[in-house]
Amino acid sequence: MENRALNVVPFVSVDHMMTLVLHVGMERFLVELAEYIEEDFRRWPVFDKTPRVASHSSNGVIELMPTSDGELYGFKYVNGHPLNTRSGRQTVTAFGVLADVGSGYPMLLTEMTILTALRTAAMSALAAMHLAPAGARCMAIIGNGAQSEFQAMAFKALLGIDRLRLFDIDASASRRCAANLGAYGFDIAICRSPQEAIEGAQVITTVTADKQHATILTDNMVGAGVHINAVGGDCPGKTELHRDILMRAEIFVEYPPQTRIEGEIQQLAADHPVTELWQVISGLTAGRRDERQITVFDSVGFAIEDFSALRYVRDKIRSTDFYDRLDLLADPDEPRDLFGMLLRHAAKHSAA
Ligand code: NAD
């Protein structure tokens, strides 16, 4: 049937994504998204897994992140260009597709810039539920750009974090972050150094953007019992923590073959022990073991988290009209008559 209105693919624009997030409620969205990620991490072995395919350039990286559970297939296109903000562009933009493995047909096309910020934050908070010291209330956030407020909101929603200590080399970024979070009940301090920011914090989130081996935290800054949520180092040659911190910490990762290329642990020997988060989330191994332990979530972002986010959006838009109907699938009356469909289209247009 050449009635393409019946063969449309739902498309969630940036505008519709924002409407969806506000409709669901930011905190509920983050909690439910973390539940979807948790569900998929618990069935980790069923997924096709591969380190993401990265195309590097002097200014940044463009990456493709595919995975499948045998029934659904998902991928995300995402970039990381730290210099972009200077010309009014985002450091990270993304879009993604969910498809039916049985037919290979796409089922959803969606913006994933906002969704990536939400899923990264949900993943960080989910990891911290297993790794942060019990009763943690105070978090330092170093790097107060696009991801930062989402991190704060996820830690509030999932862990009850209600005190924030902000630092950014650009003080205006911290002021904006504090203003954006003003209505959410946080006690917020803007700090003048990373050292000041981590004072009294049980959780330290590093989420800076710089294409170099930066040292956002040095070894002497990190005391016993802290959980470090290291989000910004996610590319070869782009790290945030001094190597000596890693040597004292227990390190938790998403997918080791990808994290060894992209994460903080690129600074360590290829056989340095790490714990896979899916095993912690599944209850197969422990998260935090004692009060004095330093834990690091060496976050780089893995395809299964995006797959979970795509599934979540597919389910949430079902009973709404928060999407457009995209004419993406050619569908001739007779499947092999693709050429004929073109001829019929030409005839229709010449008659009009
Ligand atoms: P952004 O450019 O919007 O913000 C980055 C902020 O870091 C800026 O405000 C900048 O001034 C600050 N900064 C840079 N160097 C700093 C330093 N030495 N000390 C303190 N602040 C510093 O970027 P974003 O979208 O917020 O992303 C932040 C980082 O997180 C990027 O590196 C991005 O690639 C990474 N990221 C990781 C994941 C993941 O899953 N792990 C997901 C999304 C983004």
Side-chain angles (χ1 to χ4, degrees), residues 33 37 52 54 56 59-63 65 76 78-94 96 112-127 140-152 154 165-178 180 190-198 204-218 221 228-242 252-255 258-259 261-265 277 296-306 308-309:
L33 188 49
I37 295 173
R52 59 186 155 195
H56 295 280
N59 279 355
V61 64
I62 294 175
E63 296 162 326
M65 304 173 68
K76 180 169 85 173
V78 63
N79 77 309
H81 284 67
L83 300 179
N84 266 6
T85 52
R86 292 187 199 166
S87 53
R89 297 187 173 99
Q90 291 281 303
T91 296
V92 176
T93 53
M112 289 191 82
T113 303
I114 296 168
L115 194 57
T116 291
L118 289 159
R119 81 86 158 106
T120 303
M123 183 68 236
S124 283
L126 177 60
I141 306 182
I142 302 176
N144 304 149
Q147 310 298 318
S148 59
E149 296 96 336
F150 295 91
Q151 289 283 331
R165 300 182 65 78
L166 308 179
F167 173 73
D168 195 293
I169 45 172
D170 176 356
S172 72
S174 302
R175 287 195 294 274
R176 186 179 46 243
C177 178
N180 283 343
I190 295 179
C191 303
R192 279 159 302 180
S193 67
Q195 190 91 46
E196 186 186 336
I198 66 172
I204 303 173
T205 290
T206 56
V207 62
T208 65
D210 203 352
K211 205 166 163 45
Q212 60 160 333
H213 287 297
T215 309
I216 307 301
L217 298 179
T218 54
M221 290 164 73
I228 303 173
N229 171 40
V231 179
D234 58 356
C235 239
K238 179 165 170 261
T239 56
E240 296 180 305
L241 307 183
H242 192 282
F252 296 82
V253 303
E254 293 141 316
Y255 180 55
Q258 181 177 310
T259 313
I261 298 168
E262 301 179 351
E264 298 300 323
I265 58 170
L277 261 180
V296 172
F297 171 34
D298 188 359
S299 160
V300 292
F302 187 56
I304 293 176
E305 295 144 36
D306 297 308
S308 313

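Both ligands and their constituent atoms are indexed starting at 1 by order of listing.
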Asker: Which protein non-hydrogen atom lies closest to atom 9 (O) of ligand 1, naming both residue and atom, and how far is it?
Answerer: Asp168 OD2, 2.6 Å
Asker: Would you say ligand 1 has an N or O under 3.5 Å from any N or O of Thr85?
Answerer: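 Such a contact does not occur with ligand 1.
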Asker: Heavy atoms only: which of Gln212, Glu240, Arg119, Glu305 is nearest to atom 40 (O) of ligand 1?
Answerer: Arg119
Asker: Give the atom numbers and elements of ligand 1 that come within less than 4.0 Å of a heavy atom of Ala173.
Answerer: 9 (O)
Asker: Check this for me - ligand 1, Ile142, N or O atoms closer than 3.5 angstrom, yes or no?
Answerer: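 No - when backbone and side-chain N and O of Ile142 are compared with those of ligand 1, no distance drops under 3.5 Å.
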Asker: With nothing but distance in play, are any N or O atoms of Thr208 less than 3.5 Å from an N or O of ligand 1?
Answerer: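 N/O-N/O distance under 3.5 Å: yes.
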Asker: What distance separates Gln212 CD from Thr239 OG1, expressed to the nearest 0.5 Å?
Answerer: 8.5 Å
Asker: Find all atoms of ligand 1 within a distance of less than 4.0 Å from any non-hydrogen atom belonging to Ile216, and give their numbers and elements.
Answerer: 17 (C), 18 (N), 19 (N)
Asker: What protein heavy atom lies closest to atom 2 (O) of ligand 1? Include the residue and the distance to one decimal.
Answerer: Thr91 OG1, 2.6 Å
Asker: If you count the atoms of ligand 1 from 1 in the order shown, which ones are under 4.0 Å from a heavy atom of Gly145?
Answerer: 3 (O), 4 (O), 6 (C), 9 (O), 26 (O)
Asker: Taking distance alone, with N or O pairs closer than 3.5 Å, would you say Asp210 contacts ligand 1?
Answerer: no
Asker: Please round to the nearest 0.5 Å and tell me the distance separating atom CD1 of Ile62 and atom CZ of Arg52.
Answerer: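 If I round to the nearest 0.5 Å, the distance is 13.0 Å.
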Asker: Starting from atom 28 (C) of ligand 1, locate the nearest protein heavy atom and write down its residue, its atom name and how far away it is, to 0.1 Å.
Answerer: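 Scanning the protein heavy atoms, the shortest distance from atom 28 (C) of ligand 1 goes to Val207 O, 3.4 Å.
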Asker: Judged by non-hydrogen atoms, does Ser299 sit under 4.0 Å from ligand 1?
Answerer: yes
Asker: Looking only at distance, does Ala146 have an N or O less than 3.5 Å from an N or O of ligand 1?
Answerer: yes
Asker: Asp234 versus ligand 1: do any nitrogen or oxygen atoms come within less than 3.5 Å of each other?
Answerer: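 So ligand 1 has an N or O lying under 3.5 Å from an N or O of Asp234.
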Asker: Who's closest to atom 22 (C) of ligand 1 heavy-atom-wise, of Thr215, Ile169, Asp306?
Answerer: Ile169
Asker: Please could you name the atoms of ligand 1 that Thr120 approaches to less than 4.0 Å, counting only its heavy atoms?
Answerer: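 Those atoms are 38 (C), 39 (C), 40 (O), 42 (C), 43 (C).
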Asker: Could a heavy atom of Lys238 be found less than 4.0 Å from some atom of ligand 1?
Answerer: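 Per 4.0 Å heavy-atom rule, Lys238 contacts ligand 1.
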Asker: Quick one: look up the protein heavy atom nearest atom 25 (O) of ligand 1 and list residue, atom name and how far away it is.
Answerer: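 Result for atom 25 (O) of ligand 1: Gln147 NE2, 2.9 Å.
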Asker: Identify the heavy atoms of Ala197 and Phe167 that sit nearest to each other, and give their distance.
Answerer: CB-CB, 3.9 Å
